[in-house]
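Quick notes on the structure that follows.
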Amino acid sequence: MTTTEHTAPLDTLVEQLQHGEKVWATLSPRDRIDLLGALTDAVHRHAQEWIDVACRIKQLPSHSPLVGEEWLSGPYALLGGVAALSASLTALEEGGSPLDGYHLTTAPDDRIAVRVLPHTLFDRLLLNGFTAEVWSRPGVSMDEFRQGAGLAQRTPAWTGGIGVVLGAGNIFSIAPLDALYQLFAHNRVVLLKLNPVTDPLLPVLERVFARFIELGLVKIVTGGVEVGAAAVTHPAVTHVHITGSITSHDAIVFGPGDEGQARKVRGERLLDKPITSELGGVSPTIVVPGRWSTRDLAYQAEHIVTQKLHNNGYNCVASQVLIISDDWTQKEEFLTAVRAAYAKAVTRPAYYPGSDDRTTAALDDHPTAERSGDGDRILVELDSTTHDAAFDEEYFAPVLVITSLPGDCRQFLNRAVDFANQRLTGTLGANIIAHPHTIRHLGDSFTHALTNLRYGTIAINAWTGVGYLTARATWGAFPGHSPDDAQSGIGIVHNGLLLDHTERTIVRGPFRPFPRSILTGQPTISPRPPWFVTNRTAATTARRLTAFTAHPAWRKLPGIITSALRG
């Protein structure tokens with residue numbers, strides 16, 4: 001691709017994609033695997049350039065540990081997704097199923113579960129103590145689940161036209177992963193329109209996707225709203241996918257402004273083609289009361305602050321509402337730890353457009369809100385019975401809301417699940433933090449509460465962001481939304497096993513880090529995770545993990561482990 005191709009007229013790009021669709025239909029599974037191999041090599045080769053550009057966009061010093069966020073949520077996440085797709089295609093090429101070698105079990109209420117993490121010995125070493133399962137929808141049989149695995153790659157010659165992908169501006173692996181999902185899950189060639197925030201990444205992405213671009217399988221464009229609107233409404237485009245806000249989604253489906261909202265009320269869609277989406281929401285973290293040590297309180301406070309302040313809160317699953325028990329004897333001690341960790345976390349620029357306006361709005365709406373850190377972070381305490389915008393609108397900014405509900409661990413957990421389901425907008429991701437003894441004590445009650453929580457990814461003693469990084473897991477809203485009420489979106493992405501009939505992903509992590517985990521009887525050797533905002537060696541660990549994911553080798557493990565332990 002030339003340096004000016006992205007400025008070519010839209011009709012020209014569409015014609016090239018129409019030709020590329022014919023090429024895609026002729027490519028064998030081996031050809032497609034080879035393309036993914038070339039993509040892996042290109043990402044590895046241009047990873048440092050990617051990170052340099054990302055740091056300029058987000059105004060991060062090159063020596064900051066926070067650069068680790070860019071490694072993990074950028075090249076590392078993309079490389080993991082490519083490796084998972086390649087393995088699934090290899091299984092299909094050999095006459096098998098992407099699910100070969102995976103353990104399928106039953107899950108509550110007539111569901112099927114497949115363990116997607118850990119899968120390899122390397123997973124067991126590098127993410128020790130972390131697990132992830134994908135659950136099917138209720139009523140799906142084992143045979144249906146197996147037979148659906150592979151999606152469009154089971155019939156590679158049946159193509160799906162041209163998909164427009166409207167890329168996100170916050171996490172830089174989202175747009176390329178969404179483009180790959182259109183190609184491999186649905187056999188659609190892709191017109192990828194970058195978010196203006198990520199426009200400086202265009203040259204890197206052109207080099208990364210060079211082979212796909214040459215074949216007419218992917219075209220990448222930049223520009224404003226008018227470019228996106230022209231792409232979405234082009235008659236040759238068969239599908240639209242957006243990662244963004246509900247406002248952007250509704251503007252596409254119904255039109256912008258007051259007229260668009262009036263059409264939404266009347267149910268009059270302007271968009272005449274299917275749309276899928278990932279739109280974020282008001283994500284909760286439910287803290288189940290138990291008997292915690294002082295170090296447990298401090299560590300889980302860091303955990304919650306990470307869930308909020310990773311990428312400065314500009315994440316679709318940034319925890320917005322912390323739900324705790326009024327009757328927890330350690331409530332005030334825990335909130336003191338949260339406030340201390342929130343204030344102590346490294347400050348960073350508000351790079352994402354509109355962030356300052358949103359934090360100002362939060363302050364205006366809540367006169368008793370606390371400023372934290374250098375004053376750029378907001379902490380709001382709310383009565384759970386109030387009707388407040390903080391429960392309805394995603395701030396997408398460093399604003400953390402604390403609310404509480406009555407009850408002991410069992411009563412509280414059930415009430416918290418109902419509150420999250422019924423009061424908070426969105427269904428993308430929810431976190432639960434609970435002492436292992438409490439989980440065992442609750443037994444079936446915990447499983448019942450987990451099953452009732454209607455979110456696309458649920459993380460137990462982990463952050464839902466781990467689900468995003470797990471390439472074989474599904475990522476997206478809980479099923480059931482429509483263009484008329486999209487909430488957190490429609491459909492899924494990632495899903496490296498190309499599974500059909502999925503409902504949610506369940507992630508579990510260790511309650512304590514190594515070595516305290518071993519000393520207290522938890523069999524895990526994972527130290528403080530590299531995505532924690534308090535991790536001192538996050539950048540080094542993440543850079544080494546990225547190089548390992550591109551080309552795994554035993555000799556690379558000591559450097560990763562040493563850096564991780566120092567974090």
Side-chain angles (χ1 to χ4, degrees), residues 16-44 77-102 104 114 116 119-120 122 134 143-163 165 173 176-192 208-219 238-239 241 276 470-475 491-502 549-552:
Q16 293 169 350
L17 286 167
Q18 288 172 323
H19 174 73
E21 183 183 3
K22 296 174 182 176
V23 173
W24 186 240
T26 68
L27 297 182
S28 68
R30 174 45 52 187
D31 293 330
R32 297 179 182 199
I33 293 167
D34 289 344
L35 275 173
L36 290 171
L39 181 57
T40 293
D41 290 341
V43 174
H44 186 217
L78 180 54
L79 287 166
V82 171
L85 287 172
S86 183
S88 292
L89 264 66
T90 299
L92 291 168
E93 182 196 28
E94 294 173 351
S97 164
L99 281 172
D100 291 345
Y102 289 82
L104 272 64
V114 54
V116 297
H119 178 58
T120 67
F122 292 138
V134 176
D143 286 343
E144 285 178 297
F145 209 46
R146 286 189 179 279
Q147 290 167 7
L151 295 178
Q153 295 310 302
R154 302 184 74 88
T155 55
W158 296 1
T159 54
I162 300 172
V165 171
S173 60
L177 283 170
D178 288 351
L180 288 176
Y181 199 68
Q182 292 294 311
L183 267 170
F184 287 90
H186 303 293
N187 272 339
R188 297 185 191 111
V189 293
V190 177
L191 179 63
L192 170 58
V208 165
F209 278 98
R211 289 286 294 121
F212 289 80
I213 292 170
E214 290 166 9
L215 294 172
L217 309 178
V218 173
K219 297 293 177 181
T238 58
H239 186 92
H241 179 81
T276 51
T470 302
R472 292 170 174 85
T474 56
W475 185 254
I492 59 169
V493 290
H494 300 191
N495 187 24
L497 294 176
L498 299 173
L499 300 174
D500 202 0
H501 314 298
T502 61
T549 304
H551 300 292

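The figures here come from the full heavy-atom set of this structure, side chains too, leaving out hydrogens, waters and symmetry mates. Everything numeric in this text was worked out from a predicted model, so none of it was measured.
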State the [atom1]-[atom2] distance between [X] and [Y], to the nearest 0.5 angstrom.
| X | Y | atom1 | atom2 | result |
| --- | --- | --- | --- | --- |
| Leu183 | His186 | CG | NE2 | 10.5 Å |
| Leu92 | Arg30 | CG | CZ | 12.0 Å |
| Arg146 | Leu499 | CZ | CG | 11.0 Å |
| Leu180 | His494 | CG | NE2 | 10.0 Å |

Can any side-chain N or O of [X] pair as donor or acceptor with the backbone N or O of [Y] at less than 3.5 Å?
| X | Y | value |
| --- | --- | --- |
| Thr474 | Asn495 | no |
| Arg154 | Gln147 | yes |
| Ser88 | Gly496 | yes |

Full working for ring-ring contact (aromatic ring centres under 6.0 Å, His included) between His501 and Phe145:
CA-CA 7 Å; His501 314 298; Phe145 209 46; 7.5 Å; no
Determine whether Leu177 and Trp475 make a side-chain contact, defined as any pair of heavy atoms from C-beta on separated by less than 4.5 Å.
no
Close side-chain approach of Leu17 to Glu21, heavy-atom, < 4.5 Å:
no
Can you confirm if the NZ or CZ of Arg32 lies within 45° of the ring axis of Trp24 and under 6.0 Å from the centre of its six-membered ring?
yes
For His19, does the NE2 atom have more than 12 heavy-atom neighbours from other residues, nucleotides or ligands under 6.0 Å away?
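12 or below, so no.
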Under 30°, 30 to 60°, or over 60°: which ring-plane class applies to His551 and His44, parallel, tilted or perpendicular?
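Taking His44 first and then His551, their aromatic rings stand perpendicular (interplane angle over 60°).
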